[in-house]
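Just below is one structure, and these are the notes that go with it.
Below, chains carry the letters A, B, ... as their sequence lines are ordered, and counting in each starts from 1.
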Amino acid sequence: MHDINAIRNDPEAFDAGLEKRKLEAQSAVLLAKDDARRAAIAVAQEFQTQRNQASKKIGQAKGQGDDAEAQRLLEEVAGLKDSLQQAEETERGLSQELHDMLAGLPNTLMDDVPLGADESDNVELRKHGTPKPGEKEHFEIGEALGMDFETAAALSGARFVVLRDQLARLERALGNFMLDLHVQEFGYTEMSVPVLVRDAAMFGTNQLPKFSEDMFRTHEGFWLTSTSEITLTNTVREQITKAEDLPIRLTAQTQCFRSEAGSAGRDTRGMIRLHQFSKVELVSIVDAQSGEAELERKVQCAEEVLKRLGLAYRVVQLCSGDVGFGARKTYDLEVWLPGQNTYREISSVSYCGDFQGRRMNARYRDEGEKSTQFVHTLNGSGLAVGRTLVAVLENYVTADGAITIPDVLLPYMGGQKTIEPKT
RNA sequence: GGAGAGGUGGCUGAGUGGUUUAAAGCGGCGGUCUUGAAAACCGUUGAGCGUUUGCGCGUUCCGGGGGUUCGAAUCCCUCCCUCUCCGCCA
């Protein structure tokens with residue numbers, strides 16, 4: 001959500017921001033709408049003033065028992081009501097139109113976001129670890145270990161998975177390891193949150209109104225959350241937080257639900273792209289000054305998970321054509337998958353500025369200050385648990401098809417050192 | 001699912017169509033007094049929007065939205081939330 005006042009102050013900068021996203025200039029049409037809106041407000045308020053004054057006089061006249069005077073005043077304002085209602089309706093309509101226009105435009109990119117058309121123009125910033133060779137993809141390895149797509153298909157259809165036995169435990173171990181790391185070493189507060197939410201929450205983190213196709217909806221009108229960014233970020237909605245309580249760092253492991261509309265044919269095999277998957281999310285609510293530093297910090301939190309698991313990865317900065325709707329700047333972590341012989345996204349860490357804060361009406365107030373500012377928000381995966389499981393399988397498979405458990409997971413696996421294939 | 005009661009400022013809590021610009025208390029902030037503090041006393045006290053160089057003026061907000069009325073915290077419709085009893089249930 002953009003600030004119309006900021007656009008009014010510097011329309012050229014706003015249009016330049018849109019251009020970086022390959023969008024046409026919008027400031028002229030936005031400002032024209034805003035002028036009309038403000039004119040309508042002035043008209044409506046003038047009628048309201050007249051009405052309030054007249055009503056007060058009528059009240060006074062009646063209070064003094066002067067019915068004749070009251071009647072005379074009543075006739076005097078007879079025509080006011082229609083005019084007022086019409087003016088208010090006009091104002092409501094224009095405000096709604098402006099709001100919808102502003103809500104439909106993506107966030108402006110930070111200056112250091114590289115220009116580019118799509119993901120092929122993303123910039124690799126650094127690599128960590130040595131990519132291993134490998135022949136088998138995770139679904140080939142997993143078959144003998146309890147990764148069961150057939151049963152999942154019988155239950156739910158394509159793009160679901162059933163994990164059995166030690167593979168189920170490994171998934172749980174990964175999630176627990178990640179949560180413990182972020183809570184104990186990085187100061188995040190663990191949260192348990194709903195996965196069904198209302199429209200307003202979805203609007204706050206910009207899934208609505210533009211991306212409703214990407215999500216599932218219950219027939220009662222709830223949305224299944226596609227990421228716990230939604231619930232964690234919206235915990236501060238419609239509140240004024242004390243500046244001293246910032247930053248707020250929250251983490252949760254939840255199931256995430258995505259319709260994958262438009263992804264037909266991509267990653268159809270295996271558990272890279274599912275309708276339901278587990279993810280540990282990292283959300284930060286910060287003040288206006290701390291956003292960029294927090295972005296760097298959050299990337300390191302996510303990287304640390306990969307480092308400790310001994311997985312090779314690289315960090316890429318998304319180019320202007322690939323940064324998501326609500327973000328100002330995004331880093332992706334891509335883990336090395338030997339079976340695919342390539343790096344695949346396993347985390348995406350974004351700084352959103354006050355874009356979501358505005359949509360949620362989430363503000364903070366500095367000590368002693370009277371005025372409030374919108375909170376700045378960040379989110380990132382820390383990590384996608386399903387894809388991490390994939391990475392562990394492909395990187396830790398032995399010649400005989402067993403999985404060597406990474407050291408950091410041993411406490412979470414009851415000391416079990418390997419997962420052996422069932423013959 | 002059935003029956004009922006509610007939602008008022010940071011908090012408690014009055015207010016059932018017009019001097020309500022939302023009473024009063026608590027809390028917070030400022031001041032007087034005091035060596036200092038407490039107490040007492042006095043003053044002050046929210047969120048937006050529009051307009052203005054500024055002081056200010058106007059306007060909206062009593063859970064959300066809509067309506068009736070010259071006028072709505074108050075009446076009507078609708079949605080949300082909380083609580084009580086019953087039923088069901090992990």
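Between A:Glu260 and A:Arg159 no salt bridge is recorded (no basic side-chain N to carboxylate O distance below 4.0 Å).
If you take CD of A:Gln50 and P of B:G58, they are 14 Å apart, rounded to a whole angstrom. In this structure, the CZ atom of A:Phe374 is 13 Å from the P atom of B:A47, given to the nearest Å. A:Phe47 has its CZ atom 18 Å from the P atom of B:U51, to the nearest Å. A:Glu88 places its CD atom 10 Å from the C1' atom of B:U59, with the value rounded to the nearest Å. Between the CZ atom of A:Arg358 and the P atom of B:G48 there is a distance of 12 Å, rounded to whole Å. Across the protein-nucleic acid pair, A:Glu91 atom CD and B:G58 atom C1' stand 14 Å apart, rounded to whole Å. For the pair A:Gln96 CD and B:G65 C1', the computed distance is 12 Å after rounding to whole Å. A straight line from CG of A:Asp35 to P of B:G50 spans 12 Å, rounded to a whole angstrom.
Under the Watson-Crick and G-U wobble criteria, each requiring two contacts below 3.5 Å, nucleotide B:A22 is left unpaired. Base pairing analysis places B:G50 opposite B:C57; the two distances defining the Watson-Crick or G-U wobble pair are each below 3.5 Å. Searching all strands for a Watson-Crick or G-U wobble partner of B:A72 with both distances below 3.5 Å returns nothing. With a cut-off of 3.5 Å on both Watson-Crick or G-U wobble distances, the partner of B:C41 is given as B:G31. Across every strand in view, B:A3 sits in a pair with B:U84 that passes the Watson-Crick or G-U test at under 3.5 angstrom. With a 3.5 Å ceiling on both atom-pair distances, B:G17 lacks any Watson-Crick or G-U wobble partner.
Remark: A:Arg363 is not in phosphate contact with B:G46, judged by side-chain N or O atoms under 4.0 Å from OP1 or OP2. Residue A:Arg51 places at least one side-chain N or O under 4.0 Å from the OP1 or OP2 atom of B:U60. Residue A:Arg38 has a polar side-chain atom (N or O) positioned under 4.0 Å from OP1 or OP2 of B:U51. A close approach under 4.0 Å does not occur between any side-chain nitrogen or oxygen of A:Arg37 and OP1 or OP2 of B:C49. Residue A:Arg92 has a polar side-chain atom (N or O) positioned under 4.0 Å from OP1 or OP2 of B:G66.
Considering A:Glu296, A:Lys298, A:Gln317 in turn, A:Glu296 is the only one that fulfils the side chain to side chain donor-acceptor pair (under 3.5 Å) rule with A:Tyr331. Here the rule is side chain to side chain contact (heavy atoms under 4.5 Å, CB included) with A:Arg328, and of A:His376, A:Met110, A:Glu292 only A:Met110 fits it. With A:His138 as the fixed residue, the side chain to side chain contact (heavy atoms under 4.5 Å, CB included) test singles out one of A:Val390, A:Leu145, A:Val397, A:Val392: A:Val390. No option in A:Phe216, A:Phe257, A:Phe222 other than A:Phe222 meets the side chain to side chain contact (heavy atoms under 4.5 Å, CB included) test with A:Leu196.
With C1' as the reference atom, B:G63 and B:G6 are 11 Å apart, rounded to whole Å. Here, B:U52 and B:C62 have their C1' atoms 30 Å apart, quoted to the whole Å. Atom name P, nucleotides B:A22 and B:U44: the rounded distance is 15 Å, in whole Å. For the C1' atom pair drawn from B:A24 and B:G9, the interatomic distance equals 13 Å after rounding to whole Å. As rounded to the nearest Å, B:A14 and B:C81 have C1' atoms that lie 23 Å from one another. Using P as the reference atom, B:C83 and B:U12 are 15 Å apart when rounded to the nearest Å. Annotation: B:A23 and B:A37 have their P atoms spaced 32 Å apart (nearest Å). Only the C1' atoms considered, B:G50 is 31 Å distant from B:G15, to the nearest whole Å.
For the atom pair CG (A:Asp332) and OG (A:Ser381), the distance works out to 8.0 Å, reported to the nearest 0.5 Å.
Comparing B:A47, B:U51, B:G58 by their nearest atom to the side chain of A:Thr49 picks out B:G58. With B:G48, B:U60, B:C70 as the choices, the nucleotide that has an atom nearest any side-chain atom of A:Asn52 turns out to be B:U60. Closest to the A:Gln85 side chain, of the nucleotides B:A47, B:U60, B:U68, is B:U68.
Among the heavy atoms of the strands lying under 4.0 Å from A:Gln48 are primed sugar atoms or P, OP1, OP2 only; no base atom is included.
Taking the six-membered ring where the residue is Trp, A:Phe160 and A:His275 present tilted rings, their angle falling between 30° and 60°.
If A:Asn361 and A:Ala42 are placed on RNA chain B by their nearest nucleotide, the residue sitting closer to the 5' end is A:Asn361. Nearest-nucleotide positions on RNA chain B for A:Arg198 and A:Gln53 put A:Gln53 closer to the 5' end.
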